[in-house]
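Some notes on the structure that comes next.
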Amino acid sequence: MPGSNTSPIHLDLYKSPENRTRGWYLSLMAPNEKGPSYAWLDPSRLYCHQQALQDCIEDLLQPFKNDQIELVAGIDAMGFILGAAIASHLGKGFLAIRKAGHLCVKTNSQTYVDYSGIEKNMETRTDAIKPGVRILLVDQWIETGGTMRAAIKLVEDQGGIVAGVATICIEDSDGGKWVRENYKCSDCVPDDIRSQFNGHFLESFHAFEKQQKS
């Protein structure tokens, strides 16, 4: 990205740059083209790039390499992709934290308010979280922090231990700061471009604009 010493612009989904610095793959993420009712960018585009996905996982797990993790839990829905990939990488089981109404078994539930201000419920099956089990919580993004805080409470109310939180980006919102202050966290954003993420506009978006015009 322009203005960054660590994250060069890379848009090609089928080639990798020679210099793969930490977070290089963040410029693969696509800007919102459909208006304010959608998220401001599409992180899932980087999952299409085989090396980007692998490097993203390696970067997220670096702070936890010496930690005990017994189970990985991903938050509905995009946290399923990254969470399941991380679980497979670690050789651990994967627990889906689901939006209410999708599990056909007995569940524990937790109310939360998502980034759009809508009150919702999330659920887990009752037989997966045993007291003392150490769980890595994974989501695609933390914007307001409401969803992650609810997932944390759901795990802890069942006696589980949150070993850490891993997500592509933790924005500097009140909720994002709360998660960082209270739990061991990992995201992929280098400090020199974090202000772009908090401002909801990446310099790499200009390259997408040029690509569309060409």
Side-chain angles (χ1 to χ4, degrees), residues 39 43-44 46-48 53-171 173 175-188:
S44 70
L46 77 82
Y47 306 151
C48 300
L53 179 58
Q54 294 303 312
D55 288 355
C56 175
I57 291 170
E58 291 284 355
D59 288 346
L60 285 175
L61 289 177
Q62 185 64 27
F64 305 108
K65 63 181 180 179
N66 296 320
D67 296 356
Q68 181 185 10
I69 295 171
E70 298 171 283
L71 184 66
V72 178
I75 300 173
D76 199 341
M78 297 307 294
F80 292 170
I81 299 170
L82 199 54
I86 287 174
S88 179
H89 185 87
L90 291 174
K92 304 296 180 181
F94 175 76
L95 171 65
I97 299 179
R98 300 227 57 185
K99 294 172 184 174
H102 294 290
L103 291 171
C104 62
V105 295
K106 291 182 180 179
T107 61
N108 291 312
S109 64
Q110 176 63 45
T111 301
Y112 69 102
V113 177
D114 70 5
Y115 69 93
S116 65
I118 298 174
E119 185 174 280
K120 298 179 179 179
N121 284 283
M122 62 173 57
E123 298 177 332
T124 61
R125 58 187 309 117
T126 60
D127 57 357
I129 301 177
K130 303 297 184 183
V133 65
R134 295 181 58 82
I135 298 173
L136 179 66
L137 280 170
V138 179
D139 204 357
Q140 179 170 259
W141 208 268
I142 294 179
E143 188 170 345
T144 64
T147 305
M148 183 57 71
R149 290 186 72 161
I152 289 170
K153 191 172 190 310
L154 197 55
V155 167
E156 292 181 340
D157 282 354
Q158 296 177 71
I161 297 171
V162 176
V165 172
T167 178
I168 292 174
C169 175
I170 304 175
E171 294 184 23
S173 60
K177 290 176 181 177
W178 181 90
V179 175
R180 283 192 182 278
E181 289 168 359
N182 289 279
Y183 295 90
K184 186 171 184 177
C185 294
S186 176
D187 77 0
C188 301

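No hydrogens, no waters, no symmetry mates; every other heavy atom, side chains included, goes into these values. Just so it is clear, the structure is predicted and the values come from calculations on it, not from any experiment.
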Is there side-chain contact between [X] and [Y], with heavy atoms separated by less than 4.5 Å?
{"X": "Met122", "Y": "Thr147", "result": "yes"}
{"X": "Ile168", "Y": "Leu46", "result": "yes"}
{"X": "Val105", "Y": "Thr126", "result": "no"}
{"X": "Thr124", "Y": "Gln110", "result": "no"}
{"X": "Leu71", "Y": "Lys130", "result": "no"}
{"X": "Ile69", "Y": "Arg134", "result": "no"}
{"X": "Ile142", "Y": "Val165", "result": "yes"}
{"X": "Thr167", "Y": "Val179", "result": "no"}

* Asked: Does any N or O in the side chain of Lys184 come within less than 3.5 Å of the main-chain N or O of Pro63, such that one atom is a donor and the other an acceptor?
  ->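 Such a contact is found between Lys184 side chain and Pro63 backbone.
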
* Would a distance-only check, ignoring hydrogens and angles, find a side-chain to backbone donor-acceptor pair under 3.5 Å from Asp59 to Cys188? ->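 No.
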
* Lys153 atom NZ: more than 12 heavy-atom contacts under 6.0 Å ->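 12 or below, so no.
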
* Asked: Just how far is it from atom CD1 of Ile129 to atom CD1 of Ile97, taken to the nearest 0.5 Å?
  ->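 Nearest 0.5 Å value for the CD1-CD1 distance: 6.5 Å.
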
* Between atom CD of Gln158 and atom CD1 of Ile135, what is the distance when rounded to the nearest 0.5 Å? ->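 Going from the CD atom of Gln158 to the CD1 atom of Ile135 covers 8.0 Å.
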
* Looking at Ile161 and Val155, what are the two nearest heavy atoms and their distance? ->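 Smallest heavy-atom distance, with atoms named: N-CG1, 4.2 Å.
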
* Non-hydrogen atoms of Glu123 and Ser109 that approach each other most closely ->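 Taking Glu123 first and Ser109 second, the nearest heavy atoms are CG-CB, 3.8 Å.
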
